[in-house]
Every structure is written in structure tokens, then in C-alpha cells.
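Take a look at the structure set out below.
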Amino acid sequence: MSQMVATKLILTFMKTFSTFQQAKQIHAQILTNDLTRLEPLFIHRILLCDITNYKTISPYVISILHHLRNPDSFSWGCVIRFFSQKGQFIQAVSLYIQMRKIGLFPSSHAVSSVLKSCAKFEDDLCGVSVHGQVQKFGFNSCVYVQTSLLDLYSKNGDVLTARKVFDEMAERNVVSWNSLLGGYIKGGNLDEARCFFYEIPRKDVISWNSMVSGYAKGGKMEQACYLFRQMPERNLVSWNTMISGYVDCGSIGSAREFFDAMPKRNSVSLITMIAGYSKSGDVDIARELFDRMDDKDLWSYNAMIACYAQNSKPNEALDLFNGMLKQEISLHPDEMTLGSVISACSQLGNLDQWHWIETHMNDYGIVLDDHLATALIDLYAKCGSIDKACELFHGLRKRDVVAYSAMIYGCGINGKVSDAVELFEQMVGESIDPNLATYTGILTAYNHAGLVEEGYRCFKSMKDNGLVPSVDHYGIMVDLLGRAGWLDEAYRLIMNMPMQPNAGVWGALLLACRLHGNVKLGEIAAQHCIKLESETAGYYSLLSGIYATVGKWNDAKKLTIGVEGKKIIKIPGCSWTQLE
DNA sequence: ATAGGGTTAG
């Protein structure tokens with residue numbers, strides 16, 4: 001293949017190859033370009049690319065590079081830029097290393113691209129070694145290279161080094177200023193950022209957006225809004241930044257006002273609003289916005305599937321997920337999608353759907369990261385496979401509060417109370433602060449084992465950790481006290497709750513009254529349950545069960561009339577993702 | 001023919 005044809009091919013790949021339709025067009029182009037003298041294997045590979053996801057085309061792009069007789073700095077630069085732009089940072093860096101190994105002098109374009117990729121890694125080893133080469137090869141006066149370098153340090157949180165690069169730059173432009181501004185904002189020092197912002201000689205809309213975003217991320221929406229109003233020019237991103245800020249601080253109403261007021265909206269605006277409504281529990285409004293989107297991409301589906309998963313609508317989450325796979329141009333799920341899907345499976349106690357997905361993981365190019373493993377710990381534990389959960393837990397790279405909480409809860413519902421307590425102590429020993437979900441887990445463990453005093457002590461210790469028990473924690477405590485027969489204590493706890501008891505709390509008391517044959521409290525509990533959830537049949541049968549155990553047959557009989565077709569009793573659930 | 005900065009998620 002000639003150098004020129006191959007380079008053209010690379011560029012075509014980069015510019016247009018993102019959907020199946022476009023892939024087909026490329027196939028046609030390849031055929032008409034008389035590339036038939038290519039090695040048969042190579043042609044075969046290109047023709048085989050039944051592609052809907054850019055992840056799949058990486059081998060083809062690399063294979064084009066390897067089929068060049070003498071790939072030069074430009075060809076390498078194109079390919080490195082391709083991977084850097086498509087988010088395949090490891091590939092980009094590895095290609096740069098290969099290029100260096102064969103002794104090619106990198107172009108400033110290639111260096112800028114590879115630095116951008118290095119900036120995405122947590123570890124700054126890569127970036128620092130490229131920095132060394134930058135100095136060795138004399139890119140000191142290239143504003144592009146220097147700015148990417150400065151941005152690398154900014155993004156990795158090393159503002160001091162970023163500042164040093166900035167100060168030593170021979171030439172700066174607004175991108176360099178914006179990059180360092182981003183560094184100050186990421187470091188959370190808003191005062192310093194503000195001073196720097198006012199020093200920027202020719203601020204553009206991105207400088208303003210960054211500063212507004214800094215205030216928004218710091219929860220200072222008044223200041224963000226003040227700056228937003230002062231902006232000489234606003235674009236879509238400016239509006240989206242404001243919406244996102246309001247969503248983050250829970251002001252969905254203000255977010256909506258901005259959303260309605262903005263002159264134009266894109267998918268980011270809609271996705272941000274969907275996430276906002278998901279947080280406020282308005283699933284129907286979120287779905288309305290989702291349906292309004294013309295071209296739904298992976299991010300849109302992920303937002304909506306997550307919304308269902310987080311709002312206890314696992315069936316809807318799975319339906320949407322399956323719908324996404326069955327589309328004409330099917331979207332490939334990613335780690336985020338599967339995280340929500342696993343959570344939905346877990347809420348349903350459905351391992352089958354996961355096992356089906358598991359066999360397709362490789363096709364999707366998904367690797368099991370810590371987030372997914374944590375979701376799976378929860379799923380396996382809830383489905384009773386505590387050993388599998390344990391195995392995943394020990395395989396985690398880093399164990400955070402969510403992982404510990406899922407594992408503690410898993411031990412709790414599987415009757416391994418001592419393991420749960422041990423994990424809890426281990427977690428505290430690692431200076432990880434327990435959150436509300438952790439307490440749900442440990443209290444569930446005590447509850448399962450019937451350890452009333454330990455559970456009660458633990459419940460009371462929550463406030464020592466600065467936590468306010470939620471209604472679900474009260475539910476578990478009422479269940480624990482009630483099952484042990486401490487019915488008056490359970491009732492007193494309900495009466496002293498700082499919030500309105502829900503059907504789960506009263507249901508737990510009702511269940512306990514059924515267990516211990518307490519008519520007086522049972523009637524009170526049932527009354528509340530029926531008032532809160534009149535369509536649930538289980539409450540009636542529990543109450544009638546109480547009457548039956550104490551011989552009040554007539555009362556029992558009255559209740560069994562007309563309860564057919566009502567829902568069975570709801571068992572209080574728990575979710576890691578919503579509890580902070 | 002190729003490069004750098006701002007907005008979306010658990």
C-alpha cells in the first residue's frame with residue numbers, strides 16, 4: 001500500500017468511522033480505491049469489520065500503520081491522535097512508546113496528543129517521562145506542547161509544577177491561561193482561581209465557563225449565577241454548567257428554569273436534567289425528557305437506566321437496557337450501563353440476566369473494574385452466593401466504603417454476623433468512615449442474628465459518627481426489637497422518630513405483633529399501614545392472623561373478605577447508591 | 001494532511 005493511500009485511509013477512519021452506516025461506506029471506498037493488491041489477510045480483516053463501536057476498529061487502524069513500508073512521524077502522529085481523541089489513552093501512549101523505540105523523532109503534534117492521554121492517568125509517571133523528552137528534544141518554545149504539559153500537571157492536581165511550566169513559557173495564549181485556571185479550580189482554591197481569572201488578558205467564553213463551573217462545583221450557586229449574568233458571551237456549555245450546578249446541589253427547580261430559558265439545548269442538557277429528576281425521584285419527568293431526545297446515545301441510555309435502577313424500578317431498567325440492545329443501530333453498553341443493570345438484577349434477585357451479560361462482556365470490550373465488582377458483590381450476596389461475593393471483595397484493587405457496605409450487608413443477610421462485625425471494624429481500622437448504607441448493613445446483620453442489645457448500641461452509636469438514622473434504619477430497629485418481643489420499646493422508638501414513620505416501619509411492628517400475638521399494638525400498626533398503603537393485602541392477613549392466634553375468629557373473618565388481588569406485603573429494601 | 005483549555009454518570 002502506498003504511503004499516501006494508507007494515510008488517507010487513516011484520516012478517513014478518524015473522521016467518519018463511528019457508526020455502522022459509515023463503516024459500510026468505508027468498505028465501499030476501500031473497494032473502489034483499488035487496494036486489491038493488499039495482503040489478503042488485511043483485506044479480509046477490513047471486510048470483516050462489522051462495527052458499531054469505535055473500540056472495535058483499533059486493530060484496523062493499527063494494522064494500517066503496520067502495513068506501511070516506512071511509516072513516518074506524520075503517520076504515527078495521526079494514529080496517536082486518533083486514539084487520544086477516541087479516549088483510548090493506553091493505546092495512544094503505547095503507540096508513542098513504540099514510535100520512540102524505532103527511533104523516530106516525534107512531531108510536536110504527536111507529543112501534544114500523547115500528553116493529553118497521559119493527563120488521563122492517575123499515575124503521573126508517564127507524563128513525567130514525556131516531559132523529560134520534551135525538554136531533551138527542545139519543544140520549549142512550542143506553545144501547543146507547553147500548554148498540554150501545563151494541562152497535564154493541572155489535571156493531576158500538581159498546580160505548583162503547572163505554575164512553573166506556565167511561568168517559564170516563552171509564549172502563552174488564552175488556552176494556556178485557561179488550563180492553569182482549571183488547575184486552580186480543581187484544587188478547590190476558589191479565591192486563588194478568582195484572582196487568576198481576573199488576570200487573564202483576553203478571556204474567552206471558556207475562561208468564563210471554567211470560573212462559573214468552579215463556583216458551581218463548590219456549591220456556590222449565587223456567585224456562579226452572578227458571574228453567569230456578567231458574561232459577555234454565553235454558549236451551550238455555559239448554560240449546561242449552570243444546570244449541572246443546580247442539579248448537584250439538589251435545586252431541580254432552578255435547574256429547570258435555566259433549562260427552559262436557554263436558547264438551545266443539546267443532549268448534555270437533557271442528560272443533566274434526567275440525572276436531576278432521577279435524584280429528586282421524578283422518574284416520569286425524567287422519562288418524558290428521555291423520550292424527547294432525537295438521537296439517543298450511550299450517555300442518554302445510561303442516565304435513564306441509572307434513573308430506573310436508583311428509583312427502585314428494576315424491571316423498567318432492564319426493559320430499557322434490552323431495548324437499547326435491540327435497536328436498529330445497536331449501542332454497545334459500557335461499564336456504567338452494566339453497573340446500573342447489575343443493580344437492577346440485584347433488586348430483583350435475578351442472577352440469570354447477569355449470567356447472560358457475562359458471556360457478552362468480551363464482545364463489548366468491558367473489563368471488570370472495581371465499580372462493577374462492587375455491584376456484583378451486592379448481587380451475589382443478595383442471591384445467596386456469599387462465597388462468590390467474598391471472592392470478588394478480596395479481588396478489589398481498592399476497598400471503599402461502598403464495597404465494605406455491600407459486603408457487610410451481604411454477610412448480614414446471609415447470617416454471618418461475626419464476619420459483618422469483623423469487616424466493620426476492619427473498615428474503621430482503615431480510616432474509612434461508615435455511612436448510612438454501612439449501618440444498614442451492620443444493623444441488618446444484628447437483626448438477622450437477633451442480637452438486640454448489640455444492635456441497639458450500634459444504632460445509638462450512629463450519631464457519634466455524625467450520622468442521622470434514616471427511616472429505613474428505624475425500620476430495621478423496630479424489626480429487631482419487635483421480633484425479640486420488645487414490642488413496647490419498638491412502639492416507643494416509633495413514637496420518638498424525628499420523621500414520619502413509613503409503611504415499612506409500621507409493617508415491621510405489625511409483623512412482630514403477629515409473631516407475639518399482641519392485639520393492641522397490632523391494631524395500631526395495621527391502621528397506620530393501611531392508611532399509608534391501602535392496596536397492600538398483606539397487612540389485612542397479618543392483622544387477621546393476630547386475631548386468629550388470640551381466638552378472635554369473627555374479627556379475623558371480617559378482614560379476609562375482599563383482599564384478593566391486592567399486593568403482597570412489601571419488605572423494606574436498601575440501596576447503596578442513594579444513601580450518602 | 002496532524003496538536004492544547006470549559007458541560008453529562010456509579
Side-chain angles (χ1 to χ4, degrees), chain A residues 3-4 7-8 10-12 14-15 72-82 84-85 106-117 119 139 142-152 154-155 172-183 185-186 200 203-214 216-217 235-245 247-248 266-276 278-279 297-307 309-310 334-343 369-372 374-375 378 400 402 575-578:
Chain A
Q3 182 92 1
M4 202 193 69
T7 306
K8 253 193 191 162
I10 293 171
L11 292 173
T12 322
M14 291 191 305
K15 288 201 181 104
D72 62 4
S73 208
F74 169 65
S75 317
W76 282 93
C78 280
V79 180
I80 292 171
R81 191 195 78 116
F82 171 83
S84 160
Q85 275 196 341
S107 66
S108 64
H109 299 84
V111 175
S112 304
S113 286
V114 81
L115 280 170
K116 185 182 170 182
S117 291
F139 287 113
C142 175
V143 65
Y144 284 100
V145 170
Q146 290 297 318
T147 303
S148 337
L149 197 53
L150 140 63
D151 194 58
L152 173 113
S154 276
K155 287 213 165 70
R172 298 178 197 110
N173 58 22
V174 66
V175 182
S176 328
W177 284 87
N178 288 345
S179 216
L180 188 51
L181 176 64
I185 286 168
K186 191 166 183 290
I200 302 178
K203 298 186 225 349
D204 65 3
V205 66
I206 296 186
S207 327
W208 285 88
N209 285 346
S210 296
M211 199 60 226
V212 170
S213 150
K217 288 228 157 64
N235 62 12
L236 245 171
V237 178
S238 327
W239 287 91
N240 287 342
T241 306
M242 290 301 290
I243 296 179
S244 156
V247 162
D248 284 344
N266 65 0
S267 67
V268 176
S269 333
L270 281 147
I271 290 164
T272 312
M273 288 306 295
I274 290 172
S278 169
K279 218 173 141 184
D297 60 4
L298 187 58
W299 278 76
S300 330
Y301 274 95
N302 284 352
M304 198 58 225
I305 294 172
C307 174
Q310 284 162 24
D334 67 359
E335 285 80 357
M336 174 67 198
T337 328
L338 292 199
S340 300
V341 169
I342 295 169
S343 157
D369 61 12
D370 276 5
H371 268 124
L372 280 184
T374 304
D378 180 51
D400 63 3
V402 184
S575 166
W576 323 112
T577 46
Q578 289 151 289

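Bear in mind that the values here come from a model prediction, so they are computed numbers and not experimental data. By convention in this document, chain letters (A, B, ...) are assigned in the order of the sequence lines, proteins followed by strands, and residues within each chain are numbered from 1.
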Between [atom2] of [N] and [atom1] of [X], the distance in whole Å:
{"X": "A/Ile200", "N": "B/dG6", "atom1": "CD1", "atom2": "P", "result": "13 Å"}
{"X": "A/Lys279", "N": "B/dA9", "atom1": "NZ", "atom2": "P", "result": "10 Å"}
{"X": "A/Ile243", "N": "B/dT7", "atom1": "CD1", "atom2": "P", "result": "14 Å"}
{"X": "A/Ile274", "N": "B/dT8", "atom1": "CD1", "atom2": "P", "result": "15 Å"}
{"X": "A/Phe139", "N": "B/dG4", "atom1": "CZ", "atom2": "C1'", "result": "14 Å"}
{"X": "A/Trp239", "N": "B/dG6", "atom1": "CH2", "atom2": "P", "result": "22 Å"}
{"X": "A/Ile305", "N": "B/dT8", "atom1": "CD1", "atom2": "P", "result": "20 Å"}
{"X": "A/Leu150", "N": "B/dG6", "atom1": "CG", "atom2": "C1'", "result": "15 Å"}

Touch class at under 4.0 angstrom, heavy-atom based, for [X] against every strand present:
{"X": "A/Val143", "result": "base"}
{"X": "A/Lys217", "result": "sugar-phosphate"}
{"X": "A/Lys155", "result": "sugar-phosphate"}
{"X": "A/Ser210", "result": "sugar-phosphate"}
{"X": "A/Val212", "result": "nothing"}

(request) Evaluate side chain to side chain contact (heavy atoms under 4.5 Å, CB included) for A/Ser238 paired with A/Val205, printing each intermediate quantity in order. (result) CA-CA 8 Å; A/Ser238 327; A/Val205 66; 4.0 Å; yes

(message) Return the CG to OG1 distance between A/Asn302 and A/Thr337, rounded to the nearest 0.5 Å.
(response) 3.5 Å

In terms of side-chain heavy atoms of [X], which of [options] is nearest?
{"X": "A/Gln310", "options": "B/dT8, B/dG10, B/dG6", "result": "B/dG10"}
{"X": "A/Thr241", "options": "B/dT7, B/dG10, B/dG4", "result": "B/dT7"}
{"X": "A/Asn302", "options": "B/dG10, B/dA9, B/dT7", "result": "B/dA9"}
{"X": "A/Met336", "options": "B/dG6, B/dG10, B/dG4", "result": "B/dG10"}
{"X": "A/Tyr144", "options": "B/dG4, B/dT8, B/dG6", "result": "B/dG4"}

(request) Kindly confirm whether the side-chain ring of A/Trp299 is stacked on the base of B/dT8, judged by centres under 5.5 Å and planes under 30°. (result) yes

(request) Please lay out, stage by stage, how A/Ser300 and A/Leu270 fare under the test side chain to side chain contact (heavy atoms under 4.5 Å, CB included). (result) CA-CA 8 Å; A/Ser300 330; A/Leu270 281 147; over 6 Å; no

(message) Using modelled atom types and a 3.5 Å cut-off, is there a donor and acceptor pairing between side-chain atoms of A/Glu335 and backbone atoms of A/Asp369?
(response)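 Absent.
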
(request) Using a cut-off of strictly less than 4.0 Å, decide whether A/Lys186 has a side-chain nitrogen or oxygen near OP1 or OP2 of B/dG6. (result)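 So the side chain of A/Lys186 is outside the cut-off, no N or O lying under 4.0 Å from OP1 or OP2 of B/dG6.
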
Polar side-chain contact [X]-[N] base: donor and acceptor under 3.5 Å:
{"X": "A/Thr147", "N": "B/dG4", "answer": "yes"}
{"X": "A/Asn173", "N": "B/dG4", "answer": "yes"}
{"X": "A/Asn235", "N": "B/dG6", "answer": "yes"}

(message) Under a plain distance cut-off of 3.5 Å, with no hydrogens placed, do A/Ser269 and A/Asn266 share a side-chain donor-acceptor pair?
(response)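 A donor-acceptor contact under 3.5 Å links the two side chains.
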
(request) Please list, chain by chain and in numerical order, all residues satisfying side-chain contact (heavy atoms from CB on, under 4.5 Å) with A/Ser340, sequence neighbours excluded. (result)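 Checked A/Ser340 against side-chain contact (heavy atoms from CB on, under 4.5 Å); matches are A/Ile305, A/Ala306, A/Ala309, A/Met336.
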
